[in-house]
Amino acid sequence: MNQYKRGGFKMHYLFSNVSKRIVRSEIRELLKDTRKPGMISFGGGLPETTLFPLEDIAVITREVLEKKGYLALQYGPTPGEPEMLEALADHMKAFGDNASMEQICVTSSSQQGLDLLALLFLDEEAPIIMELPSYLGGVQAFRRCGADMQGIPMDDEGMDIEYLQNSLDRLEKAGKKTRFIYTIPDFQNPSGITMSLERRKKLLKIAKEREIPVVEDSPYRELSFTGKILPSLWTLAEGKGVIMLKTFSKILFPGMRIGWIVAEEALIDKFVLLKQSVDLCTPSFNQLILATFMKQGKMKQTMEKAIECYKPKCAAMLKAMEKYMPEKVSWSKPTGGMFFWVKLPETMDAKDVFKEAIQHNVLYVIGRPFHCDNSGGNTMRLNYSFPSIEQIEEGVKRLAEAVKKTM
Ligand SMILES: Cc1ncc(COP(=O)(O)O)c(C=O)c1O
């Protein structure tokens, strides 16, 4: 029980179990006092700001107000504005994924998708499967519900399938039914790893045999530097047993908070009911602006610009890593997305290097919080989408110095 004393009156607040499971983020605590001049940040997962299409959005906003102002400023349908649903289905089609408007529910970005997912499937102790490492916001959303998160190690091709099978067997033997398998198959946050086609097929086969839904979180899918995109789990499974989470945060901008869930109709119906109790609807104004933006063909241009911008940044980070990092440090080689995943020798702790890195005016995110089993103390995530190429080169040099000093 918490006590707050105000003007002699003592209020005893009885907080929910959910709120008690929310712990202060170790990463936020570390990043708290790091806003000093000259600091180079590989910290957040922010898109490059200069890519934001300010002019286009300004023009379209006025257009939407003039033509559909009353609709834009009104409450809207919970699954989303029809023209937005249509634009989203078209967007997906361009990447090989077919979904009908009835299979889509617009969300206030993917984090709400994760929230709705947790609300729909999770109870205390409910077992779920996720990658080691996985998206921090996912770990937090699932932990909040008291889920029993089982981590599956990954190699360059994604989840270790044998390990996955053993974990599922163990859970089954204990009489526990896994609620879902959560994966980020394309250019994963935080590891940058893309799941191979063979693994995708194996994963879906196992999930189908055991009747476990697969959640495909897919914010980075469109950001491929090679032009190559593997078929999504949604498509491989022909829309059955897969729930896909999508967002504009990384391919366009995060400020309008627009994402969407793709799932079979019966599930969308359930998500919609839950969403009604959460926020009634995602802002119609934002949806109409983005739907118009997409209809005018501007989405494609923006994504192409993003790839043009991130590809050389990724190459610059790789080059600098090879040039400056000491032996015994290894890193992933992403072909899309926004992140490098770095492994220090097992004996090292990325938190110790962090203190030294701050002294060298460079920062990153420690890897442990991305692990649902609290492992990964020797890992770190570096973002390359936000800093400039010059900052990437200088920042990696500084980081390598910090690593050497801590060694
Ligand atoms: C894998 C993954 N899922 C979901 C999100 C949430 O993004 P948003 O809520 O901005 O759509 C992120 C953001 O970094 C992410 O990396």
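Every value quoted in this text rests on a predicted model; they were computed, and no experiment measured them. Side chains included, hydrogens not; waters and symmetry mates left out as well; all remaining heavy atoms used. For this chain, numbers begin at 1 and follow the sequence in order. First listed ligand is number 1; within each ligand, the first listed atom is number 1.
When the options Thr183, Thr107, Asp186, Asp217 are ranked by their closest heavy atom to atom 1 (C) of ligand 1, first place goes to Asp217.
In this pair, Phe95 and His91 present their aromatic rings tilted. The plane angle is within the 30 to 60° band.
Using a 4.0 Å cut-off between heavy atoms, Ser110 contacts ligand 1 through both its backbone and its side chain. At a heavy-atom distance under 4.0 Å, only side-chain atoms of Pro219, from C-beta outward, approach ligand 1.
Within the 4.0 Å heavy-atom cutoff, Lys250 counts among the residues contacting ligand 1. In this structure, Gly45 does not count as a contact residue of ligand 1, since none of its heavy atoms falls inside 4.0 Å of the ligand. In this structure, Tyr220 has a heavy atom closer than 4.0 Å to ligand 1. Ligand 1 does not have Gln112 within reach: every non-hydrogen atom of the residue lies 4.0 Å or more from it.
A donor-acceptor pair shorter than 3.5 Å cannot be found between the side chains of Tyr163 and Gln150. Checking Ser196 against Glu198 by side-chain atom types alone, no donor-acceptor pair falls below 3.5 Å.
Listed by number with element, the atoms of ligand 1 under 4.0 angstrom from any heavy atom of Ile184 are 1 (C). Close approach of ligand 1 to Asn189 (heavy-atom distance below 4.0 Å) involves ligand atoms 14 (O), 15 (C), 16 (O). Ligand-side atoms of ligand 1 in range of Thr247: 8 (P), 11 (O), range being under 4.0 angstrom from any heavy atom.
Aromatic ring centres of Tyr182 and Phe142 lie closer together than 6.0 Å.
In plain terms, the two heavy atoms of Leu230 and Thr194 that are nearest each other are CD1-CG2, 4.1 Å.
Exactly one residue among Trp260, Phe52, Phe253 makes a ring-ring contact (aromatic ring centres under 6.0 Å, His included) with Phe248. That residue is Trp260. Of the options Lys250, Met338, Lys305, a side chain to side chain contact (heavy atoms under 4.5 Å, CB included) to Tyr310 is made by Met338 and by none of the others.
Ranking the protein heavy atoms by distance from atom 10 (O) of ligand 1 puts Ser249 OG, 2.6 Å first. Looking only at protein heavy atoms, the nearest one to atom 12 (C) of ligand 1 is Tyr135 CZ, 3.3 Å.
Note: Phe187 CZ to Cys314 SG = 10.0 Å, rounded to the nearest 0.5 Å.
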